Amino acid sequence: MHHGREVPAGAVAIVNDRTVTIAELVDALYQRWAPRETGTDAVNQLIRQRVIEFNMQKRGLVVAPEEVEAEYKKLDEQLRSVKENKLDIEGHLKAQKLSRAEFMRLLHLQVSLQKMVAADMKDATGDKNVLQVQWLRSKTLEGEIEQAPEKLPQGTAARIYGGGITHE
C-alpha cells in the first residue's frame with residue numbers, strides 16, 4: 001500500500017499517482033547499475049558500486065544469496081501476475097541483453113543499498129528511491145573521490161576510499 005492505496009498487481013510502487021511496473025523496475029535497475037559505453041558513466045557506476053561495497057564491509061553486513069534470490073522471485077511473481085504483460089522477468093532480461101547472472105549481481109547491489117538505507121534512514125519519510133539517491137550521494141561525498149587526471153597514477157580513472165579504479 002502507498003498512502004492507503006493498493007499497488008496494482010505487477011507494479012512495485014505508485015509515485016506521484018503514476019504506477020511503476022516491475023518491467024520499469026527491471027529496466028531502471030539495468031540503467032542504474034549496468035556498465036555503460038561512455039567512460040564517465042562507467043566510472044560513476046564503479047564509484048557507486050564501491051561506495052556500497054565499502055559501506056557493507058565497514059559495517060560487517062552481508063546480503064545472503066537467498067535474499068537476492070527472494071527479491072528476484074518476488075519481482076518475477078509480480079511481473080507474471082500482470083495479465084497484459086507478455087514477458088516474464090527472463091524475457092525482460094533477454095530484451096536488455098542482460099544475463100540472469102549479471103542481473104543477480106546488479107540486484108545484489110540494489111538489495112545491499114536497500115539494507116543500508118533502511119538502517120541509516122529508518123526514521124526518514126519519503127520515496128524510497130529518493131532516499132537511496134540521498135544516501136548514495138552522502139556516502140559518495142564521504143568517500144573522498146579524486147578524479148583529476150593530474151593527481152592520479154597513470155591508468156587510474158578515479159580514487160575512492162584510497163583505492164583506485166583503473167581504466168580497465
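For clarity, every value in this text was computed on a predicted model and none was experimentally measured. The chain is numbered in sequence order, starting from 1.
Identified under the salt bridge (Lys or Arg N to Asp or Glu O under 4.0 Å) test for residues 54-68, with sequence neighbours left out: R59-D120, E67-K115.
Using a 4.5 Å cut-off on side-chain heavy atoms (C-beta onward), Q147 and N44 make contact.
Atom CD in E77 sits 10.5 Å away from atom CD1 in I89 (nearest 0.5 Å). Note that CG of L107 is 11.5 Å distant from CG of L113, once rounded to the nearest 0.5 Å. In this structure, CZ on R50 lies 13.0 Å from CD on Q45, to the nearest 0.5 angstrom. Rounding to the nearest 0.5 angstrom, the gap separating the CD atom in E90 from the CG atom in L98 is 10.0 Å.
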- Pair N55-W135, side chain to side chain contact (heavy atoms under 4.5 Å, CB included): steps then yes or no: CA-CA 11 Å; N55 281 281; W135 185 92; 4.0 Å; yes
- Query: Step by step, would you call M56 with I52 a side chain to side chain contact (heavy atoms under 4.5 Å, CB included)?
  - Reply: CA-CA 6 Å; M56 287 292 286; I52 292 169; 4.3 Å; yes
- Run the side chain to side chain contact (heavy atoms under 4.5 Å, CB included) check on L106 and Q110 step by step: do they pass? CA-CA 6 Å; L106 301 175; Q110 185 65 26; over 6 Å; no
- Message: Run the side chain to side chain contact (heavy atoms under 4.5 Å, CB included) test on M121 and M116 for me, step by step, so that the C-alpha distance in whole Å, both residues' side-chain angles and the decisive distance to 0.1 Å come before the verdict.
- Response: CA-CA 8 Å; M121 303 177 91; M116 288 185 293; over 6 Å; no
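Under the 4.5 Å side-chain contact rule for hydrophobic residues, L61 and L109 share a cluster.
Across every non-hydrogen atom of S112 and V63, the tightest pair is OG-CG2, 3.3 Å.
With sequence neighbours left out, the side-chain contact (heavy atoms from CB on, under 4.5 Å) criterion links T140 to I47, V51, I145. Considering only residues two or more places apart in sequence or on other chains, P65 meets the side-chain contact (heavy atoms from CB on, under 4.5 Å) condition with none of them. Under the side-chain contact (heavy atoms from CB on, under 4.5 Å) criterion, K74 pairs with E71, Q78, sequence neighbours left out. Applying the side-chain contact (heavy atoms from CB on, under 4.5 Å) test to E142 and every residue at least two apart in sequence or in another chain returns K139. Residues satisfying the side chain to side chain donor-acceptor pair (under 3.5 Å) test with Q134, not counting sequence neighbours, are none. With sequence neighbours left out, the salt bridge (charged side-chain N to carboxylate O under 4.0 Å, His left out) criterion links E53 to no other residue. For F54, the ring pair (Phe, Tyr, Trp, His ring centres under 6.0 Å) partners two or more places apart in sequence, or in a different chain, are Y161. With sequence neighbours left out, the salt bridge (charged side-chain N to carboxylate O under 4.0 Å, His left out) criterion links E146 to no other residue.
Between the side chain of R159 and the backbone N or O of K151 there is at least one donor-acceptor pair closer than 3.5 Å.
Around the CZ atom of R100, the shell of radius 6.0 Å holds more than 12 heavy atoms that belong to other residues, nucleotides or ligands.
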